[in-house]
Amino acid sequence: MDYQRVLIPVHIGANSQEVAREGLEIARSLGATACFLFVKDSTLRHYLSLTGYPSASPGRSDEEVERAMDVIGWRVLEDDLALARRMGVEAEAQLLGGNPLAAILAQIRPGDLIVVGSHERGSLAHPNLGSVARGLVEKAPIPVLTVRLGRPVALA
């Protein structure tokens, strides 16, 4: 298969840059464009309110919280685009809203490959996929490559 784009869903969290880096390495090896996808959803809103992000604190309007989620999302995407530039990989970014699984599935085109992270919990034979990663594996009409996060894997 000749892949034109590598879709890389990213998020807030320690492992997001690890997924971005792995996805960029794959895009570079395939000669494909990397496409970072950040989805604003209720999980992000909850995370911002728990961490005390000022614009997402209780009593703020939906519009203020939405703007805060935009700022956070673009900050993550801009960091990933900067990494792509340093690695010499052509990349684009999209800030999406709604249900993460549905939003990512809606971006799929023929010739795409998805690279998504899996959690370090679980065994090597059965890594623990998050709900979005599991949904992509089960529902995407294109190949999905899961990247095991959190621990280096030695290749023999």
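What you see is a predicted model, and the numbers here were worked out from it, not measured in a lab.
Using a 4.5 Å heavy-atom threshold, the side chains of V132 and V116 count as separate. Between D41 and N99, the closest side-chain pair of non-hydrogen atoms is not below 4.5 Å. Contact annotation: the side chain of V76 approaches that of S16 to within less than 4.5 Å [non-hydrogen atoms, C-beta and beyond]. Counting only heavy atoms from C-beta outward, the side chains of I142 and L113 never approach each other to under 4.5 Å. Between I72 and M69 the shortest side-chain heavy-atom distance does not fall below 4.5 Å. The closest side-chain heavy-atom distance from D112 to Y3 is not below 4.5 Å. Looking only at side-chain heavy atoms (C-beta outward), I104 and V39 come within less than 4.5 Å of each other. For the pair Q94 and C35, the minimum side-chain heavy-atom distance is below 4.5 Å.
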Report task. For the pair K40 and L96, evaluate side chain to side chain contact (heavy atoms under 4.5 Å, CB included) and give the outcome as yes or no after the intermediate values. Result -> CA-CA 6 Å; K40 305 178 300 179; L96 308 169; over 6 Å; no

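Atom-to-atom distance recorded for E78:CD and F36:CZ is 12.5 Å, nearest 0.5 angstrom. In this structure, CG on N15 lies 12.0 Å from CZ on R148, to the nearest 0.5 angstrom. Separating the CG atom in L81 from the CZ atom in R86 is a distance of 10.5 Å, to the nearest 0.5 Å. Summarising the geometry, atom CG belonging to L145 is positioned 12.5 Å from atom CG belonging to L7; distances are rounded to the nearest 0.5 Å. One finds the NE2 atom of H11 at 12.5 Å from the CG atom of L37 (value rounded to the nearest 0.5 Å). Taking CD of E92 as the start and CD1 of I8 as the end, the distance is 10.5 Å to the nearest 0.5 Å.
Closest of all the heavy-atom pairs between A140 and L105 is CA-CD2, 3.7 Å. The two residues V19 and G117 have their closest heavy-atom pair at CG2-CA, 3.8 Å. Listed here is the closest heavy atom pair of G135 and L101: C-CD1, 3.6 Å. Taking each heavy atom of A32 and V6 in turn, the nearest pair found is CB-CG2, 4.0 Å. Residue F38 comes nearest to I12 through the heavy atom pair CE1-N, 3.9 Å, listed as atom of the first residue, atom of the second, then distance.
Under the 3.5 Å distance criterion, the side-chain polar atoms of S118 are matched with a main-chain donor or acceptor of V147.
E25 has a carboxylate O that lies under 4.0 Å from a charged side-chain N of R28, or vice versa, which qualifies the two as a salt bridge.
Side-chain contact, Q17 with D80: a donor N or O sits under 3.5 Å from an acceptor N or O.
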